[in-house]
Chemist: 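The structure follows.
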Amino acid sequence: MDSTEPQAKVSTLLLAWYDRHRRVLPWRALPGKKADPYRVWLSEIMLQQTTVQAVGPYFKDFLSRWPRVEDLAAAPLDEVLAAWAGLGYYARARNLHKAAKVVAEEMGGKFPDTAEGLRALPGVGPYTAGAIAAIAFDRPEAAMDANAERVVARLFAITAPLPGSKPEIIARGKGLVPQNRAGDFAQAMMDLGSAICTVKRPACGNCPLRALCAAEAQGIAENLPVKGPKTVRPIKRGAAFVVRDRKGAVLLIKRPEKGLLGGMLEPPLGPWTEKFPKPAEALKQAPFEADWKKLPGIVRHVFTHFELEIEAWVAEVKARPSSLWKDAPREILWVDVERLGAVALPTVMKKIITHAIEDEGPLFRKKG
DNA sequence: GAGCCGTGGTC
DNA sequence: TGACCAAGGCT
């Protein structure tokens, strides 16, 4: 798009397209209706780096458990983490709970109605603050997520690679926001990026902004935005120890509150290194002495910045040991098989437990 | 600023 | 099958 082109043309065309093609989503108000700030905030946190499809069942479940922000604030953190289990990026759930307490206890249950005010809540960054301010309060703020960045990079044919070009893209995007219907405009950008201006094979023939798109004019739309080089992902390996008592309950311990899978549960695990521990070495890593048996096969899981391979060791104990390690005691739980789906187990740990317990029927059911 | 932080779908 | 990607934020 020519930089002198009036932004009004973009918003007019995009909003007209949105009025005909807008998606129906659980957290989205019906046309002309006011959005509920609590629902908008909850959905925006869940949608960070997460697909609409994955969020759907979690959003409905959270809203059913905790209909108001005061309900969420009053819930124990462990319950919130258990409900979040499987959605990933667990710091989001901890910050969600923190922010709910702030809003419920310090703001009388009312969310701030400006981007600046929202930005002060834990877990709310520049994108989310703009999105909530626009969608819930109709403030003329930009919501520059990856969709909007892609649309803008193509509209203006910005060929410099991300993330270096991000400031320019965001500045261009802010210049497009209309004074009226800013919330619809923000959601229209996302719907356009999701349905038309896609990463691969964009449907430029159906795009309402085609005539204004500089990248399309140059035939380079699919190549934008350019991204920097990818980093290599190392592989870490280790042993997991799945213990069951005579009733079949599984021993789980709680991870530290900060860092990877913070505050979530796991079976006892050895350290993660380049190579698997040899059997004698693995037995030293076990939480206590028992008749450990190593299972055939490997559990693989991919995290954002490394891959994990786990060999599972299993044992059955007659009595629940009173102590595990001498150092760094951690919270211990024995969880019945039927309750495994109701506690804060991240997906990787569910994989390990599923691998170790070839039981009668599935241990975990997918949400929704 | 760059590294850390999950998971599931897609092609 | 593996690489890429998603309504990013925090430190």
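Letters A, B, ... are given to chains in the order of the sequence lines, protein chains preceding strands, and every chain is numbered from 1. These numbers were taken from a predicted model, which means no experiment stands behind them.
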Chemist: Between A:Arg92 and A:Asn95, is any side-chain donor less than 3.5 angstrom from a side-chain acceptor?
Modeler: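 There is no such pair (donor and acceptor under 3.5 Å, judged by atom type) between the side chains of A:Arg92 and A:Asn95.
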Chemist: Scan for salt bridge (charged side-chain N to carboxylate O under 4.0 Å, His left out) pairs involving residues 127-148 of chain A, sequence neighbours excluded, and state none if there are none.
Modeler: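 Output for this query lists A:Asp113-A:Arg139.
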Chemist: Going by the angle between their ring planes, with limits at 30° and 60°, are A:Trp272 and A:Phe306 parallel, tilted or perpendicular?
Modeler: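 The arrangement is tilted - the two ring planes meet at 30° to 60°.
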Chemist: Any ring-ring contact (aromatic ring centres under 6.0 Å, His included) involving residues 47-83 of chain A? Give me the pairs, sequence neighbours left out, ordered by first then second residue.
Modeler: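 Every ring-ring contact (aromatic ring centres under 6.0 Å, His included) pair that includes a residue of residues 47-83 of chain A, provided the two are not neighbours, is A:Trp27-A:Phe59, A:Phe62-A:Trp66, A:Phe62-A:Trp84.
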Chemist: Could you go over nucleotides 3-6 of chain B and give all protein N or O partners under 3.5 Å, atom names and distances?
Modeler:
{"residue": "B:dC5", "atom": "OP1", "partner": "A:Leu260", "partner atom": "N", "Å": "3.3"}
{"residue": "B:dC5", "atom": "OP2", "partner": "A:His305", "partner atom": "NE2", "Å": "2.6"}
{"residue": "B:dG6", "atom": "OP1", "partner": "A:Tyr89", "partner atom": "N", "Å": "3.3"}
{"residue": "B:dG6", "atom": "OP1", "partner": "A:Tyr90", "partner atom": "N", "Å": "2.7"}
{"residue": "B:dG6", "atom": "OP2", "partner": "A:Leu261", "partner atom": "N", "Å": "2.5"}
{"residue": "B:dG6", "atom": "O4'", "partner": "A:Tyr89", "partner atom": "N", "Å": "3.0"}
{"residue": "B:dG6", "atom": "N7", "partner": "A:Tyr89", "partner atom": "OH", "Å": "3.4"}
{"residue": "B:dG6", "atom": "N7", "partner": "A:Thr304", "partner atom": "OG1", "Å": "2.5"}
{"residue": "B:dG6", "atom": "O6", "partner": "A:Tyr89", "partner atom": "OH", "Å": "3.0"}
{"residue": "B:dG6", "atom": "N1", "partner": "A:Gln49", "partner atom": "O", "Å": "3.0"}
{"residue": "B:dG6", "atom": "N2", "partner": "A:Gln49", "partner atom": "O", "Å": "3.1"}
{"residue": "B:dG6", "atom": "N2", "partner": "A:Thr50", "partner atom": "OG1", "Å": "3.0"}

Chemist: Going by atom types alone, do A:Glu44 and A:Tyr127 pair a side-chain donor with an acceptor below 3.5 Å?
Modeler: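 The answer is yes; a qualifying pair exists.
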Chemist: What is the 5' to 3' range of DNA chain C, first to last nucleotide, that sits under 4.0 Å from any heavy atom of chain A?
Modeler: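 That gives a stretch of C:dC4 to C:dC10.
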Chemist: Using a heavy-atom cut-off of 4.0 Å across all strands, would you classify A:Gly193 as base, sugar-phosphate, or nothing?
Modeler: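 No contact.
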Chemist: Say whether A:Arg119 and A:Thr128, considering side chains only, have a donor N or O and an acceptor N or O under 3.5 Å apart.
Modeler: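 Absent: no donor and acceptor within the cut-off.
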Chemist: Can you measure from OG1 (A:Thr273) to CD (A:Glu281) and round to the nearest 0.5 angstrom?
Modeler: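 Taking OG1 in A:Thr273 and CD in A:Glu281, the distance rounds to 7.0 Å.
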Chemist: Is the A:Phe303 to A:His305 ring centre distance short of 6.0 Å?
Modeler: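 They do not qualify: ring centres at least 6.0 Å apart.
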Chemist: Tell me what A:Pro126 touches on the nucleic acid: a base, only sugar-phosphate, or nothing, going by heavy atoms under 4.0 Å.
Modeler: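 Here A:Pro126 touches the backbone only, sparing every base.
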Chemist: Checking A:Ser43 side chain against A:Arg39 main chain: does a donor-acceptor pair fall under 3.5 Å?
Modeler: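 Yes: the side chain of A:Ser43 pairs with the backbone of A:Arg39.
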Chemist: Among A:Arg330, A:Lys351, A:Lys254, which residue satisfies the salt bridge (Lys or Arg N to Asp or Glu O under 4.0 Å) criterion with A:Glu266?
Modeler: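 For A:Glu266, the salt bridge (Lys or Arg N to Asp or Glu O under 4.0 Å) test succeeds with only one of A:Arg330, A:Lys351, A:Lys254, which is A:Arg330.
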Chemist: Using heavy atoms and a sub-4.0 Å distance, could you list which residues of residues 134-148 of chain A are near DNA chain C? By number, please.
Modeler: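 Heavy-atom cutoff 4.0 Å gives A:Asp145, A:Ala146, A:Asn147.
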Chemist: Can you check the A:Trp84 CH2 to B:dT7 C1' distance for me, whole Å?
Modeler: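 The answer, rounded to whole Å, is 12 Å.
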Chemist: Assign each of A:Lys230 and A:Glu44 to its nearest nucleotide of DNA chain C by heavy atoms, then name whichever residue's nucleotide is nearer the 5' end.
Modeler: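 That would be A:Lys230.
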Chemist: Have A:Gln187 and A:Arg28 got a donor and an acceptor in their side chains that come within less than 3.5 Å?
Modeler: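 The answer is yes; a qualifying pair exists.
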Chemist: Would you jot down, in residue-number order, the residues of residues 15-31 of chain A having a non-hydrogen atom under 4.0 Å from DNA chain B?
Modeler: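 When residues 15-31 of chain A is checked for heavy atoms under 4.0 Å from DNA chain B, there are no hits whatsoever.
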Chemist: Which value, in whole Å, describes the distance between the P atoms of nucleotides C:dA7 and B:dA2?
Modeler: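 Looking at atom P only, C:dA7 and B:dA2 are 24 Å apart.
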Chemist: When all nucleic acid strands are considered with a 4.0 Å heavy-atom cut-off, which category describes A:Arg201: base, sugar-phosphate, or nothing?
Modeler: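 Answer is nothing: A:Arg201 stays at 4.0 Å or more from every strand.
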Chemist: Between C:dC5 and B:dC5, how far apart are the C1' atoms? Round to whole Å, please.
Modeler: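 To the nearest whole Å, 16 Å.
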Chemist: Would you call A:Glu149 and A:Lys166 a salt bridge, using N to O less than 4.0 angstrom?
Modeler: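 Yes, A:Glu149 and A:Lys166 are salt-bridged.
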Chemist: If hydrophobic clusters are built by linking Ile, Leu, Val, Met, Phe, Trp and Tyr wherever their side-chain heavy atoms come under 4.5 Å apart, do A:Val151 and A:Leu13 end up in the same one?
Modeler: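 The answer is yes; both residues are in one hydrophobic cluster.
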Chemist: Mind checking A:Lys227 for me? I need base, sugar-phosphate or nothing, with any heavy atom below 4.0 Å counting as a touch.
Modeler: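 Touches sugar-phosphate only.
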